[in-house]
Amino acid sequence: MTTASSPATLTDEVVFDLRYARSHDDLWSMLDELYGENPGFDAFRERLDAALRAGWAARPADLKRLDLRRDLEPDWFQRPGMNGYVFYIDRFAGDLNGVIDKLDYLADLGITYVHFMPCLKPREGDSDGGYSVQDYRAINPAYGDMADFEAATAAARARGMSVCIDFVLNHTAKEHDWAQKARAGDPTYLDYYLTFEDDTLPKAYEDTLIEIFPDNAPGSFTYYDDMQRWVWTTFNEHQWDLNWSNPQVFVEMLEVMLFLANRGVEVLRLDAVAFLWKRIGTRCQSEPECHMLLQALRAACRIAAPAVIHLEEAIVGPAEMLPYLGRGKHDGKEGNLAYHNSLMVQFWSALAARDTRLLTHVMATHFPPVLTNATYATYLRCHDDIGWAVTDEDAAAVGLGGPQHRAFLSKFYEGIYPGSFSRGALFQYNPETGDKRISGSCASLAGLEAGLDAGDAAGVTDAIDRILMGHALIASYGGIPLIYMGDEIGLLNDYGYVNHPAQAHDSRWLHRPRMDWDTAQAARQGDDSPAGRLRAGLRHILARRAATSEFHASHAIEILNTGNAALFAFARRAPTGSVVCLFNFTDTWQNMPGDWAIQHGAHALHDALSDAPVLDAQGAIALPPHARVWIR
C-alpha cells in the first residue's frame, strides 16, 4: 500500500528526474569534455539545466503521453510499418492547411512518416531552398504560421504519421537576429559565429577545405566592409557558420530544438552536421567533436522530449557516415537515422552498368549487419543532386577505374552516353577535380521521360519496372524508405526552373516540380497510365513491407553472393526465419536455382512481395527484367 507522498506517485517532476538520471552521463560526459575548461562552465551548466526543465514544463500533455509510449516502444521507428514521404510544402499542397487536406492521400499510400522540407522562416530571396534560416521559432509566412504548423502536426499524429522537419545546425542566415547583433559589433554575438579580423587564418583553413558550391559560392569565407571582418560561410555568403566551440551556442540551439519538439515535431533532420566543428589542417568535416555534440543533443532530447528522434544529414562515404549512427563510445547514443547515400548511389550505378558487382562489394564491405538503436533512411531520390561517391579503392576491387566509372555515370545520367535511357543535367561541375554531380527526377533518370517522348511503350514499361524495383529495394533493405514527392506518379523533370531568377543558377530545381494533383487523383482511381501503374505498384510495395515482420530494422542484413553480376541479393535474418531479397538490374531475363535460395534460408520459396510461389516448372527462380522478389 502506498501513500500520497510515496515514491510510487509519478508526477511530471519525478518522470523528468528519472529521465535526467537515465541520460545524465550521456549528456554531461560529452559537455564536460567539450566545454569543461571554459571559464563560464558553471553558468552554462545552470542555464542548460534550466532549459531542459523549462522545455519539459512547457511540453503539451498529449506529447508527454507520446513520450511515455515511445519509452515503452523504443523500436517504434524501426518497425516495418514506417514508410516515409518527403515534400516541399508549397509544391505539394500550397500551404500547411493544404497539407492537412492531403493527409488522406498519403495515408492511402501507406505513409506513416512525413518530412516537411524546410519550413522555418528563411531569409528573403535566395535562401538555399529554405536552408538559410532567419528565425527558428517562426514558420515561413508563405506556408502559414506556428498555429497552422501545430495544427498540421496534430492532424498527422492523429493519423499515425510522424512529422519530420529540418533543423539547420551549422549556420544561420546572415539576417538572423544573432547575426545582425554580431554585425553591429556586439561581442557576445560575434562569438556566436566564426569571424576574423584579417585573412591569415581563413587562408590557412582554406588550404585543406573543400568547396561545396564552387560555381556560385566559391571559397568558404566572406569579407564584410561594414564589419571589417571575414566570416566563415561554408555554403553561401548569406549562411554564417555558427561557432559550436562556444557553449552558449549549444544552449541556444538546444532551446530551439525543444521549442520545435513541443510544437509536435517527432523527427528532427539535423542539417549539415558534418561541418559543426572546425580544426585547422583538416577538411573541417566529421571531426570527433561533431559526434560529441550530437550525442549531447540526443541525450538532451531523451530527457525533455523522448518521443523525438534525430536524423543526421551527412552525405559522406560509409566509413564517415556510420559514426553518425553511433560507433565506438557513441554506440546507441547518437543519431537514430542517417541517410543511406551509398545505397542510393550504388543503385543508380548498377542500373546504368547493368552490373551489381560494385553494389554488392560496397554493401558487403562497408556496412555492419545491425546497428544499435539506429537505422537508415533509405531513398532513391531526394531534393539534392547525386554525387558519385564511388572510391577508387572500391572501384578497383571489382576491376573498375574510379575516375572512369564516375565519368561514365555522369555521362549516362546526363543522357549523353550512347544508349542511355536517362534525362538529367550536370550540377556544380568542377573541372579541377573532375567532379560532376547530377540533377534529375527519379522518373526522368530511370527512363520514363525518354520513353514517353519517343512513344516507346516498351521503354515506358522498362522505366516503370526500374522505379518499382528500386523502391522494392529500399523498402526491404532496412530502415525507413523515403518516397520523394511525386515519385509515386512518375513526375518528370521541370525545365521551367530556368525562368525563375532565384532558381535558374541551380539545376537541382529540375527535380523539384510541383505536384500534379490531376494526375495523382487519376492514378489513385487506378487508371492504366504510367502514373497509375507506378502508384499502384508502390502502394503494394509499402503494404507488403508493413506486413513483413522480418523487415524490422533490428534484424540483420546479410549481403549474398549470387554468382551473377546481373543480380543483387541480401537476406534479412529474423528469429522467425529469413527473407531472401533478389533483384535483377538488367533488361534481360535471368534465373537462379531454387536450391540457391534454400541454401540461404528461404525454405518456403514463396515471394512475400507478390504473395506467390517463385519456382518455375524446372525448379528455377525465373526473373524478368528488373524483377524484385522477397523470398520466404
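Atom set for the values below is all heavy atoms of this structure, side chains included, hydrogens, waters and symmetry mates excluded.
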Given K174 and E237, is the salt bridge (Lys or Arg N to Asp or Glu O under 4.0 Å) satisfied, shown in steps? CA-CA 8 Å; K174 66 180 182 181; E237 177 273 332; 2.7 Å; yes
E124 atom CD: more than 12 heavy-atom contacts under 6.0 Å: no
Where the side chain of R123 meets the backbone of D126, is there a donor-acceptor pair that is under 3.5 Å apart? yes
Is there a side-chain contact between V86 and C382, using heavy atoms and a 4.5 Å cut-off? no
Would you please say whether a donor-acceptor pair under 3.5 Å links the side chains of S286 and Y324? yes
Is the side chain of R512 donor-acceptor paired with the backbone N or O of H383 at a distance under 3.5 Å, no angle test? yes
Are any side-chain N or O atoms of E266 and backbone N or O atoms of A307, one a donor and one an acceptor, separated by less than 3.5 Å? no
Determine the interplanar angle of the F221 and W232 rings, folded into 0 to 90°, and report it as parallel if under 30°, tilted if 30 to 60°, perpendicular if over 60°. tilted
Any non-hydrogen side-chain atom of W240 less than 4.5 Å from a side-chain atom of Y192? no
Using a strict threshold of under 4.0 Å (side-chain N to carboxylate O), is an ion pair present between K203 and D207? no
May I ask you to test the I480-L311 pair for a side-chain heavy-atom distance under 4.5 Å? no
Would you check if the side chain of Y136 reaches a backbone N or O of V168 as a donor-acceptor pair within less than 3.5 Å? yes
Cationic tip of K102 within the cone over W517's six-membered ring, i.e. under 6.0 Å and within 45° of the normal? yes
Do NZ/NE/NH1/NH2 and the carboxylate oxygens of E255 and R47 come within less than 4.0 Å? yes
Parallel under 30°, tilted from 30 to 60°, perpendicular over 60°: which one fits the rings of F92 and Y105? tilted
Given Y193 and T172, is the side chain to side chain donor-acceptor pair (under 3.5 Å) satisfied, shown in steps? CA-CA 9 Å; Y193 296 93; T172 73; 2.8 Å; yes
Hey, would you say the F275 and F235 ring centroids sit under 6.0 Å apart? yes
Is it possible for you to check whether K278 lies under 6.0 Å from the centre of the six-membered ring of W244, through NZ or CZ, and within 45° of that ring's axis? no
Decide, yes or no, whether a salt bridge links R183 with D226 under the criterion of side-chain N to carboxylate O below 4.0 Å. yes
K121 and E175: salt bridge (Lys or Arg N to Asp or Glu O under 4.0 Å), yes or no, with the steps? CA-CA 11 Å; K121 184 180 179 180; E175 291 81 4; over 6 Å; no
Any donor-acceptor N/O pair, H176 side chain to W178 backbone, under 3.5 Å: yes
Side-chain (N236) to main-chain (H238) donor-acceptor, under 3.5 angstrom: no
Are the side chain of S441 and the backbone N or O of S444 linked by a donor-acceptor pair below 3.5 Å? yes
Check whether E414 reaches the backbone of A425 with its side chain - one donor and one acceptor, N or O, closer than 3.5 Å. no
Y143/D148 under side chain to side chain donor-acceptor pair (under 3.5 Å): CA gap, chis, key distance, verdict: CA-CA 8 Å; Y143 306 156; D148 296 320; over 6 Å; no
Any side-chain heavy atom of Y85 sitting closer than 4.5 Å to one from E488? yes
Before giving the answer on ring pair (Phe, Tyr, Trp, His ring centres under 6.0 Å), spell out for W388 and Y413 the whole-Å C-alpha distance, their side-chain angles and the decisive distance to 0.1 Å. CA-CA 11 Å; W388 301 116; Y413 285 106; 5.6 Å; yes
Could you walk me through whether R381 and H511 pass side chain to side chain donor-acceptor pair (under 3.5 Å), step by step? CA-CA 9 Å; R381 287 298 293 120; H511 52 261; 3.3 Å; yes
Taking the six-membered ring for Trp, are Y339 and Y379 ring centroids under 6.0 Å apart? yes
Donor-acceptor contact present, side-chain D385 to main-chain S439, <3.5 Å: no
Whether H330 and H291 hold their rings parallel, tilted or perpendicular, with breakpoints at 30° and 60°: tilted
Quick one: does any side-chain atom of N493 pair with a main-chain N or O of G440 as donor and acceptor, under 3.5 Å? no
I'd like to check the side-chain hydrogen bond (donor to acceptor under 3.5 Å, both in side chains) partners of D186; sequence neighbours left out, ordered by chain and number. none
Within the structure provided, determine whether T234 and Q239 are in side-chain contact (heavy-atom separation under 4.5 Å). no
Close side-chain approach of S342 and M344, heavy atoms under 4.5 Å: no
Validate the cation-pi geometry between R45 and F41: distance from NZ or CZ to the six-membered ring centre under 6.0 Å, angle to the ring axis within 45°. no
